[in-house]
There are 2 protein chains.
Amino acid sequence: MDLSFEDLRKELKNKNLRLSHQRLKVLEFLTNNRIHPTVDQIYRGLHKDIPTLSKTTVYNTLNALVDAGIVKPITIEDNEARYDIATQDHGHFKCEVCGNIYDFDINISAFNPSDLDDFKIKDRDVYFRGICPNCKK
Amino acid sequence: MDLSFEDLRKELKNKNLRLSHQRLKVLEFLTNNRIHPTVDQIYRGLHKDIPTLSKTTVYNTLNALVDAGIVKPITIEDNEARYDIATQDHGHFKCEVCGNIYDFDINISAFNPSDLDDFKIKDRDVYFRGICPNCKK
DNA sequence: AATTAACTTGTAATGATTACAAGATAGTAA
DNA sequence: TTACTATCTTGTAATCATTACAAGTTAATT
Ligand SMILES: [Mn+2]
Ligand SMILES: [Mn+2]
Ligand SMILES: [Zn+2]
Ligand SMILES: [Zn+2]
């Protein structure tokens, strides 16, 4: 169900976004590094390949991709945004010790609380926090 | 099931936190204004009564109350933190038009995804986004 | 009433994100 | 291919929320 890198190129075309070198590299990084990276991690990760890359471009690119629905921001961090390729629904668990963010399966779209019958729900996020197996030892 | 203001005083005592005027006023504001206010809203709301109040104190107070488990931060906003009296589990819905955050009933503690069997879960948040009934018109 | 650790306050520092303007480039059409 | 232009990238400066720090104040205990 995950999108291939070719699918992502097509997604950009569909949304009338240019396939700039920087955008494709950001998408490639997110595809190959499923760690919900911060802006800084993306910037540092790409800087080797693209020495002229500006951090502003990483911000601009991520904002454009989020607006286009291709990338999903993860706001489980209070102090800095993290990013994920928009894929099937899943929850996020943040370990308070190592800081890693783990995916977990959960059928979020099945939640339709009656309190929200008259609301238009566009987005559902499930964020858990605690300690991961590695850090419990 | 909601905590009374007197209960909150006792909670502070239990946690060995001083019952300073500013802390009690912050708790009173959160009790009386169930709108998940920002730091700035709390500051402006209390400034009438306490003209000497510093915004740093609002930050310090909220951090202390969050550490003590009396107040819960709501990080549905990417750009600024919001705060809620820690009470029974419930979900939060943010309207993308008016910006209001609504509570809704949902039994979050019942979610125990098998992917997290080996994780220690300390905190569960459910954040929905969309358009509220008022703004749908 | 005296004592003192904890708290409050104002100011300065920090750090993430955005605004802006000038130069570069992707995509299109001749 | 070449020319054109809207879009994109880049560096710098600005913004805004939050924290660090040091000096003065206060809640709670004796
Ligand atoms: Mn994920
Ligand atoms: Mn709430
Ligand atoms: Zn961990
Ligand atoms: Zn609304």
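All values below come from the heavy atoms of this structure, side chains included, with hydrogens, waters and symmetry mates left out. Every chain is numbered from 1, with letters handed out A, B, ... down the list of sequences.
- If you check every strand for non-hydrogen atoms under 4.0 Å, B/Thr57 touches a base.
- With respect to B/Lys136 and A/Asp118, no salt bridge is recorded, no charged nitrogen being found less than 4.0 Å from a carboxylate O.
- Of all nucleotides listed (C/dT8, D/dA17, C/dG27), D/dA17 comes nearest to the side chain of B/Tyr59.
- Rounded to a whole Å, the CZ atom of A/Arg23 is 14 Å from the C1' atom of D/dT10.
- B/Ala81 comes within contact range of the sugar-phosphate backbone alone, with a heavy-atom separation under 4.0 Å but no base atom that close.
- One interatomic measurement links the two molecules: OH of B/Tyr43 to C1' of D/dT18, which rounds to 15 Å at whole-angstrom precision.
- The side chain of B/Ser54 approaches C/dT9 more closely than any other nucleotide in the set C/dT9, D/dA28, D/dT10.
- Rounded to an integer number of Å, the gap from CG of B/Asn60 to C1' of C/dT9 is 9 Å.
- Rounded to whole Å, the distance from CG on B/Asn63 to C1' on D/dA20 is 13 Å.
- Closest to the A/Arg18 side chain, of the nucleotides D/dA28, D/dT18, C/dG27, is C/dG27.
- Summarising the geometry, the separation between CG on B/Leu12 and P on D/dA27 is reported as 14 Å, rounded to the nearest angstrom.
- Two rings, from A/Phe128 and A/Phe104, have their centers less than 6.0 Å apart.
- Position along DNA chain C of the nearest nucleotide to B/Thr61 versus B/Asp78 favours B/Thr61 as the more 5'-ward residue.
- Atom CD of A/Glu77 and atom P of D/dA17 are 19 Å apart (whole Å).
- At the heavy-atom level, A/Asn79 lies under 4.0 Å from the strands shown only through sugar-phosphate atoms.
- Between A/Asp40 atom CG and C/dT14 atom C1' the separation is 14 Å, expressed in whole Å.
- Nearest approach of A/Asp115 to B/Asp105, heavy atoms of both residues: OD2-N, 2.7 Å.
- Of the candidates D/dT9, C/dT8, C/dT11, the closest approach to any side-chain atom of B/Thr56 belongs to C/dT11.
- Contact check, B/Gln22 against C/dT9: a side-chain N or O comes under 4.0 Å of OP1 or OP2.
- With DNA chain D read from its 5' end, the first of the two nearest nucleotides for A/Ser20 and B/Leu17 is the one closest to A/Ser20.
- Using cut-offs of 30° and 60° on the angle between ring planes, the pair B/His92 and B/His90 is perpendicular.
- Under the 30°/60° scheme for interplanar angles, the aromatic rings of A/Phe119 and B/Phe93 are found to stand perpendicular.
- When each of D/dA28, D/dT19, C/dT17 is scored by its nearest atom to the side-chain atoms of B/Leu19, the top-ranked nucleotide is D/dA28.
- Computed from coordinates, the B/Lys55 NZ to C/dT11 C1' distance equals 14 Å when rounded to whole Å.
- Nearer the 5' end of DNA chain D, as judged by each residue's closest nucleotide, is the contact made by B/Val39, out of B/Val39 and B/Lys13.
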